[in-house]
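Data first, discussion second: the structure below is written as structure tokens.
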Amino acid sequence: MLALRIALRYLFSRKSHNAVNIISSISVAGVAVATSAIVCVLSVFNGFTRLASGRLGLIDPDIKIESKTPGGLIDKLAQTLPLVEGQKGVEAAVPLVEGQALSMFRNAQQAVELIGAGAGYERVCDIDSAVIDGVYMRYTAENIPLASLSVGSAINLGVRPGFDVPIVLFTPRRIGRISASSPLSAFRSDTLFVSSVWQTNQAELDEATVIVPVESARSLLQLPEGSATAIAVKVAPGVSVSATVRSLKQQLGENYRVLTRIEQEEASFRMIEIEKWITFLMLGFILMIASFNVISTLSMLIIEKRYDMDTLCNLGARPSIVGRIFLWEGWLITLAGGVAGILLGAVLCFAQQKGEFIKLNADPTQLTIAAYPVELHLADIAAVMALLVVVGLAVGAIASRIASRK
């Protein structure tokens with residue numbers, strides 16, 4: 001490894017011309033700054049992902065089971081639900097019926113996502129902690145069905161919990177005859193009083209969602225008795241969710257999808273991941289541009305060390321050895337700047353976590369957090385290191401060709 005030993009000596013020794021030392025420092029600093037920017041940006045994306053996943057627990061269950069059959073209907077609920085409840089690690093399981101409806105209250109109306117929740121829904125989802133007005137209930141003591149509205153629906157309809165005026169829910173009729181002389185016969189409807197209003201800080205849920213008893217949802221959507229579109233599962237404390245998912249998949253077979261919280265919001269999290277890695281590629285391109293300074297440094301170093309190279313060749317060294325010296329030199333300079341940048345980025349992320357120095361530029365009263373969230377992942381560090389290795393080898397290869405020509 002003669003070439004590597006000489007490259008290490010060139011890396012740490014002072015150059016005879018001060019300009020080379022200055023340009024070398026600038027090259028390392030440029031790579032370090034670009035690398036630290038990549039680490040910080042990826043950590044910010046991780047922070048927002050963690051923030052979003054932490055908000056899922058209020059309404060989204062630990063595990064959601066859906067049918068793969070046409071129509072997505074679990075029609076053998078009487079057999080499937082006890083099977084899920086009896087699975088090791090499952091604390092509770094509740095049937096769900098989901099669909100769309102039109103909600104009306106006095107002169108206001110809004111299209112909403114309808115969630116029909118079975119008994120014990122508050123056990124699988126932390127709906128009680130999300131309630132900001134009223135009390136979550138499915139039925140009154142007189143067995144009257146009740147609705148629970150998201151904050152967006154409550155505001156748009158202008159309704160608050162109470163038993164003065166009910167809201168009316170409409171759904172298109174799927175089964176039965178429709179009279180042309182009576183347009184309302186094309187719809188099924190149900191009236192429910194509002195028991196509570198809740199807020200999860202998830203825009204897609206808070207904007208237009210209504211939770212009703214599963215029996216009311218079945219009637220509105222004209223689904224068979226004893227059926228559901230999904231089963232919500234609560235995992236017992238201390239039990240691994242991933243292990244429970246594997247167990248349920250094995251028990252239920254291939255006709256069912258068993259989804260974790262992240263998988264239930266796959267579209268949203270996929271978008272965050274796409275944005276994250278597109279940003280990574282863009283910053284990686286900036287890192288490549290910053291590495292051009294390293295090529296300039298190596299070019300000047302080749303000129304300065306040309307007499308040393310002549311001496312090596314006169315001693316019998318092949319031109320390929322000279323090329324490998326500067327291949328290693330380019331890789332080492334890039335790696336040195338990259339490692340410094342990773343350490344700098346990690347320090348900045350840690351400082352932001354503890355001090356929250358960089359604030360979000362928006363109205364603080366409209367935000368649930370005041371500063372940018374950051375979270376450093378080893379997988380991101382590995383990705384940055386891989387990029388540095390590739391860029392360093394590319395820079396070294398260019399410098400090696402230049403040295404071989406000299």
Side-chain angles (χ1 to χ4, degrees), residues 1-43 279-309 312 317 320-352 374 376-404 406:
M1 299 296 286
L2 176 63
L4 177 59
R5 293 177 61 184
I6 296 176
L8 286 170
R9 184 176 181 85
Y10 284 169
L11 179 66
F12 295 107
S13 63
R14 289 189 62 82
K15 315 310 185 283
S16 58
H17 296 87
N18 194 44
V20 179
N21 293 318
I22 294 174
I23 294 176
S24 298
S25 301
I26 293 174
S27 300
V28 173
V31 173
V33 170
T35 305
S36 64
I38 296 175
V39 171
C40 291
V41 170
L42 294 182
S43 298
T279 305
F280 173 77
L281 292 176
M282 293 173 63
L283 292 175
F285 182 72
I286 295 174
L287 176 62
M288 291 179 62
I289 294 175
S291 67
F292 290 163
N293 289 329
V294 179
I295 297 175
S296 301
T297 300
L298 292 174
S299 298
M300 296 189 66
L301 186 62
I302 290 169
I303 295 173
E304 181 179 316
K305 301 298 183 182
R306 63 184 182 277
Y307 298 118
D308 293 350
M309 298 303 105
L312 278 175
S320 60
I321 294 179
V322 175
R324 284 200 297 272
I325 291 173
F326 291 98
L327 173 66
W328 281 110
E329 188 71 16
W331 189 79
L332 289 172
I333 291 176
T334 305
L335 191 63
V339 171
I342 289 174
L343 294 175
L344 176 61
V347 170
L348 292 174
C349 290
F350 181 76
Q352 176 66 11
V374 291
L376 196 62
H377 287 177
L378 290 178
D380 296 338
I381 299 298
V384 173
M385 285 298 298
L387 178 63
L388 287 170
V389 169
V390 172
V391 171
L393 290 176
V395 168
I398 294 173
S400 175
R401 294 191 63 179
I402 295 174
S404 299
K406 296 293 185 180

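Predicted, not measured: the structure shown is a model, and the values here were computed from it.
No more than 12 heavy atoms of other residues, nucleotides or ligands sit less than 6.0 Å from atom CG of L378.
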- [ ] Give the intermediate values and the outcome of side-chain contact (heavy atoms from CB on, under 4.5 Å) for residues V39 and D380.
- [x] CA-CA 7 Å; V39 171; D380 296 338; over 6 Å; no
Open item on the list: One pair to check against side-chain contact (heavy atoms from CB on, under 4.5 Å): V41 and F280. What are the steps and the verdict?
Closed with: CA-CA 8 Å; V41 170; F280 173 77; over 6 Å; no
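Residues L283 and L42 are not in side-chain contact: their nearest non-hydrogen atoms beyond the backbone lie 4.5 Å or more apart.
Among V391, L344, V339, L388, the single residue meeting the side chain to side chain contact (heavy atoms under 4.5 Å, CB included) criterion with T35 is L388.
Distance check, rounded to the nearest 0.5 Å: SG of C349 to CG of L376 gives 5.5 Å.
A34 and L287 make their closest contact through CB-CD1, 3.8 Å (heavy atoms, listed as atom of the first residue, atom of the second, distance). Residues T334 and V31 share a closest heavy-atom pair of O-CG1, 3.6 Å.
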